Amino acid sequence: MTALGMTTTGATRRELKAVKRFFNRVPKWAFVALAAAAPVAVGGLGSGTDAAAAFAAAGAGLAVVAMLRILPVLARRPSGRQMDEWLNRDLTRLRERAVVKCGLEGLGEATAEPVVLSGPVFGVEGADFAVRAPRRDIARFTPVGVTILNFREHQIFAYQCALDRLTGNALDETTDEYFYRDVVSVSTRTETLTLGKRDLTRFGRKVLNAKSRGGKVQVPGAEVFTLTTSGGTSISVVIGVVLDRLKQLAIGAGGDVHVDAAERALAGIRQMLREKKIPQRSDPSDGLGDLY
């Protein structure tokens, strides 16, 4: 919580409790107990003996215990659509925060619409990693890595944070600025992420198809957006992770596949670079070949 008990995004305590319920999983023992309850109860009916009555009561009691564990999670869990609406609202508020954090107020008019990139982020200190990937729905996760690019006449201003959906706070906030003349490459690529075992929960490793090797965890099929400057500095953003090779299911903001958003960002940045750099370019070896 920030000052006066407010979260970074302004999420209410009621919303945060609902978000936690969304990611809560029903323990397997509850479903196993429910499946076992019916045979136990039915097996105790019909004979009229005390032992049979005890079996019937045990079966009914087992069913009640299981349902008491299952129903509170399922009945009060927000829908995926509601989760997406809250996330989109939070991203809008973070766009406003990026303007303040980057000191853009009074710095002139924007030369292009801001670009918002988001995807899973791992190993954020103080934030639990959670993902829910129903078989018949898109995956949703926390924390969400957010990168917001704002364009001015001479520079790109980048704001980055990890949005912890369980607390509503933006963690690890950073800001950078890149002069157009210094940008040498913008790209997207697919790669394998190598993480520490503590960066993912056991359930997260299972859902993301992560493999443990030599004390590290490898997540295959990560789509990464990268902007690099001539000075060697860069920003990299994970915009999706393939969960199912057959369905090509990826996770991005709200669970949607955000590769298209990254491609639009690439096109916009390349256009800005063409407008800003080509008139001044005299050396064909200035590194702009990667941009076209």
Side-chain angles (χ1 to χ4, degrees), residues 1-26 71-105 113-134 137-150 157-175 199-201 203-204 207-208 235 237-241 250-258 261-262:
M1 295 289 181
T2 57
L4 301 179
M6 294 296 292
T7 64
T8 303
T9 59
T12 65
R13 291 191 177 186
R14 182 178 181 182
E15 291 173 4
L16 295 178
K17 288 181 179 180
V19 169
K20 290 178 182 178
R21 286 196 298 270
F22 179 86
F23 288 111
N24 282 344
R25 293 185 297 124
V26 178
L71 288 179
V73 176
L74 299 184
R76 303 174 62 193
R77 175 181 280 169
S79 66
R81 178 175 295 181
Q82 179 64 75
M83 290 289 291
D84 294 346
E85 290 177 357
W86 284 334
L87 179 57
N88 289 333
R89 179 207 61 195
D90 291 347
L91 291 177
T92 297
R93 290 175 177 173
L94 286 177
R95 282 181 56 173
E96 299 169 356
R97 186 175 180 84
V99 170
V100 176
K101 285 289 186 177
C102 292
L104 299 181
E105 295 175 320
E113 284 295 314
V115 170
V116 180
L117 297 173
S118 55
V121 61
F122 311 102
V124 179
E125 187 174 355
D128 292 332
F129 178 85
V131 58
R132 183 160 170 250
D137 196 2
I138 55 181
R140 295 170 179 87
F141 58 90
T142 183
V144 178
V146 179
T147 296
I148 301 173
L149 304 178
N150 281 284
F157 291 86
Y159 165 86
Q160 292 187 292
C161 73
L163 173 60
D164 185 356
R165 302 204 66 187
L166 300 179
T167 65
N169 289 323
L171 307 176
D172 296 347
E173 292 179 292
T174 62
T175 60
D199 293 340
L200 288 175
T201 60
F203 180 67
V207 172
L208 297 177
I235 56 174
V237 188
V238 177
I239 55 177
V241 175
I251 49 182
D256 293 331
V257 178
H258 272 243

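All of these numbers come straight from a predicted model, not from anything done at the bench. When a residue number appears, it is its place in the shown sequence, counting from 1.
No side-chain heavy atom of T201 sits under 4.5 Å from any side-chain heavy atom of D128. Looking at L200 and F122, their side chains come closer than 4.5 Å, going by heavy atoms from C-beta outward.
Listed for the R132 side chain is no donor-acceptor partner under 3.5 Å among the backbone atoms of G80. Using modelled atom types, no side-chain atom of R97 and backbone atom of T8 make a donor-acceptor pair closer than 3.5 Å.
Separation of atoms CG (L16) and CZ (R21) is listed at 11.0 Å; rounding is to 0.5 Å. Between atom CG of residue D172 and atom CD of residue Q160 there is a gap of 10.5 Å, rounded to the nearest 0.5 Å. Taking CG of L87 as the reference point, atom CZ of F141 lies at 7.5 Å (rounded to 0.5 Å). The distance from atom OG1 of T167 to atom CZ of R13, rounded to the nearest 0.5 Å, is 12.5 Å. Atom OG1 in T142 sits 6.5 Å away from atom CG in L163 (nearest 0.5 Å).
With V115 as reference, L149 is the one residue of L149, T147, I148 to meet the side chain to side chain contact (heavy atoms under 4.5 Å, CB included) rule. The only member of R165, K20, R89 that meets side-chain hydrogen bond (donor to acceptor under 3.5 Å, both in side chains) when paired with E15 is R89.
Counting all heavy atoms, side chain and backbone alike, Y159 lies closest to C102 at CB-SG, 4.1 Å. Between V121 and G145, the shortest heavy-atom distance links the atoms CG1-N, 3.5 Å. Minimum interatomic distance between L171 and V124 (heavy atoms only, all atoms of both residues): CD1-CG1, 4.0 Å. Residues R77 and F22 approach most closely at NE-O, 3.5 Å, considering heavy atoms. Of all heavy-atom pairs spanning P120 and V241, the tightest one is CG-CG2, 3.8 Å. Heavy-atom minimum distance, T7 versus G168: CB-O, 3.5 Å.
Within a 6.0 Å radius of CD in E85, more than 12 heavy atoms belonging to other residues, nucleotides or ligands are found.
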Check against side chain to side chain contact (heavy atoms under 4.5 Å, CB included), V116 and L94: CA-CA 10 Å; V116 180; L94 286 177; over 6 Å; no
